[in-house]
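The structure is given below, and queries will be raised subsequently.
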There are 2 protein chains.
Amino acid sequence: MEETKISDKRDYILDVAERLFAEQGFEAISVREISKAADINIAMVSYYFGSKEKLYEDVINRKLISSDTIAKSVGQHTSSMDKLFAMVDLYIEKFFERRLFQNIIFREMAMNQRTAMAEKIAAQVHKNFLLAYDIIQTGIDNKEFKKVDIELTVMSIIGIVRMYTTSGTMACKILKVEDESEAFGKKQKDRLRKHLRQLLINHLGIESK
Amino acid sequence: MEETKISDKRDYILDVAERLFAEQGFEAISVREISKAADINIAMVSYYFGSKEKLYEDVINRKLISSDTIAKSVGQHTSSMDKLFAMVDLYIEKFFERRLFQNIIFREMAMNQRTAMAEKIAAQVHKNFLLAYDIIQTGIDNKEFKKVDIELTVMSIIGIVRMYTTSGTMACKILKVEDESEAFGKKQKDRLRKHLRQLLINHLGIESK
DNA sequence: GTCTATATATGGATAGAC
DNA sequence: GTCTATCCATATATAGAC
């Protein structure tokens with residue numbers, strides 16, 4: 001009972017910190033700003049997390065567990081095309097839902113810094129990459145797909161979704177939508193899904209039935 | 001004569017600062033570190049640039065002038081396909097050559113911060129976007145290309161090149177190359193160019209002659 | 001658990017000697 | 001142009017009262 005309240009509060013602080021770290025970066029944001037935005041006393045950050053660095057790690061670790069989710073979602077389908085599309089849908093879903101978090105992940109990946117965390121992130125992303133790789137490889141072996149550069153095809157899928165979700169302002173400008181909440185609404189999500197499916201159908205030479 | 005020496009030194013400081021800002025971000029790097037890496041006295045940063053903020057702006061402004069370059073390179077061709085491929089080649093070329101700089105650009109774009117600079121960057125990127133948009137639009141009107149979601153197709157092109165160039169460590173891991181210098185060598189550049197061309201040929205339904 | 005007060009470090013910037 | 005020394009703001013972290 002009290003337990004849940006405490007972990008609610010912890011979670012709330014993590015939410016606030018995630019947003020601020022994502023928008024401005026680790027070094028750009030101070031624990032003062034975080035505690036102010038979360039409406040807690042500054043000393044509470046040390047109390048709950050130990051340090052700013054630890055808080056940052058907790059923000060990342062909290063959401064860096066999946067890839068089982070992908071495997072599970074993919075496993076329900078039989079054809080390579082269905083598997084690939086299930087994976088793409090999940091990617092879009094997760095990226096839209098967690099676009100602030102993804103911002104942190106890709107920023108870390110772009111750095112040659114903070115290596116302990118960076119290694120962990122790279123390992124996780126690579127695991128997800130391999131899942132996608134296997135799906136396409138199997139599809140090619142099956143003759144469901146044309147032969148393509150598999151590595152670059154997977155990177156392209158991720159790059160496209162990433163481009164959309166982690167450049168909010170740019171996406172708004174290009175798509176001529178009012179604000180970010182519209183850019184990440186259902187309509188635009190469906191649009192991106194449709195585009196990406198069509199692109200893959202064309203690229204992999206998938207025949208419609 | 002002395003003039004050139006001064007501007008050489010200025011340029012060298014800008015080179016060093018660009019690398020450090022790109023690798024770690026504006027706030028993460030101190031003028032002390034920059035001056036140490038550039039082997040100059042710390043006071044020289046103020047002397048040459050006025051402030052850290054101004055130095056950062058100079059780093060960005062120095063390379064954010066083009067889009068004429070794109071127009072020029074594209075203008076030499078007649079068919080929409082040739083124009084599009086010329087643009088893609090130039091994109092790949094510039095991204096490989098300036099991948100540290102691009103890292104800064106995309107980081108700025110991902111932020112809701114430092115708005116004066118961010119607006120300027122967004123304006124420039126948008127200008128480049130419109131060039132690509134027009135090429136594809138014309139191609140569709142010509143019946144050279146199939147109908148596609150033009151906005152998302154342009155974003156996809158940029159997203160793919162970006163994914164490759166601004167996640168160095170990840171790219172190495174995925175492509176199983178030793179180090180970054182190999183990942184950004186001629187061989188991998190040609191591979192990316194080939195992949196992207198094939199993807200666009202498939203997606204836009206371009207017929208080979 | 002929550003707060004104030006404070007220790008301590010580091011950052012950007014500049015004054016002024018050379 | 002270059003350097004040293006220093007000012008001042010801001011950062012993280014914690015000790016200790018409540």
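Values below: every heavy atom of this structure, side chains too, minus hydrogens, waters and symmetry copies. Because the structure is a prediction, the values reported are computed rather than measured.
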> Hey, does the side chain of B:Tyr48 come within less than 4.0 Å of D:dT2's phosphate (OP1/OP2), counting only N and O?
Replying inline: yes
>> Rounded to whole Å, please give me the gap between CZ in B:Arg10 and P in D:dT2.
In response: 13 Å
>> Nearest whole Å is fine: how far is D:dG1 P from B:Phe49 CZ?
In response: 12 Å
> Quick one: A:Ile29 CD1 to D:dT10 C1', roughly how many Å, whole number?
Replying inline: 14 Å
>> How many whole angstroms separate atom CG of A:Leu55 from atom C1' of D:dA13?
In response: 14 Å
> Base, sugar-phosphate, or nothing: which does A:Ser30 touch, judged by heavy atoms less than 4.0 Å apart?
Replying inline: sugar-phosphate
> Can you tell me if the side-chain N/O atoms of B:Asn41 get under 4.0 Å from OP1 or OP2 in D:dT4?
Replying inline: yes
> Which nucleotide sits closest to the side chain of B:Lys9: D:dT2, D:dA11, C:dG1?
Replying inline: D:dT2
>> Taking the minimum atom-to-atom distance to the side chain of B:Ala43, which one of D:dG1, C:dC3, C:dA15 wins?
In response: C:dA15
>> Pair A:Ser156, A:His203 - check side-chain hydrogen bond (donor to acceptor under 3.5 Å, both in side chains), show working.
In response: CA-CA 11 Å; A:Ser156 297; A:His203 184 56; over 6 Å; no
>> Can you tell me if B:Lys54 touches the phosphate of C:dA13, counting only side-chain N or O atoms and a distance under 4.0 Å to OP1 or OP2?
In response: no
> Is A:Lys52 positioned over the aromatic face of A:Phe26, cation under 6.0 angstrom from the ring centre and no more than 45 degrees off axis?
Replying inline: yes
>> Measure CG/B:Leu20 against P/C:dG11 and give the value in whole Å, please.
In response: 13 Å
>> From C-beta outward on B:Arg32, which listed nucleotide comes closest to its side chain: D:dT14, C:dA13, D:dT2?
In response: C:dA13
> Please give, in whole Å, the distance from C:dC3 P to A:Ile40 CD1?
Replying inline: 9 Å
> Starting at CD of B:Glu27 and ending at P of C:dG12, how long is that distance when rounded to a whole Å?
Replying inline: 10 Å
>> On DNA chain D, compare the nucleotides closest to A:Gly50 and A:Glu33; which residue's is nearer the 5' end?
In response: A:Glu33
> Per the side chain to side chain contact (heavy atoms under 4.5 Å, CB included) rule, which among A:Lys187, A:Arg193, A:Gln188 passes with A:Asp190?
Replying inline: A:Arg193
>> Could you tell me how far apart A:Ile42 (CD1) and D:dA13 (P) are, to the nearest whole angstrom?
In response: 9 Å
> Can you list the steps and then say if A:Tyr56 with A:Phe49 is a ring pair (Phe, Tyr, Trp, His ring centres under 6.0 Å)?
Replying inline: CA-CA 9 Å; A:Tyr56 189 65; A:Phe49 304 96; over 10 Å; no
> When you look at NZ of A:Lys120, are more than 12 heavy atoms from neighbouring residues, nucleotides or ligands closer to it than 6.0 Å?
Replying inline: no
>> Starting the side chain at C-beta, find the nucleotide from D:dA13, C:dA13, D:dC3 nearest to B:Met44.
In response: D:dC3
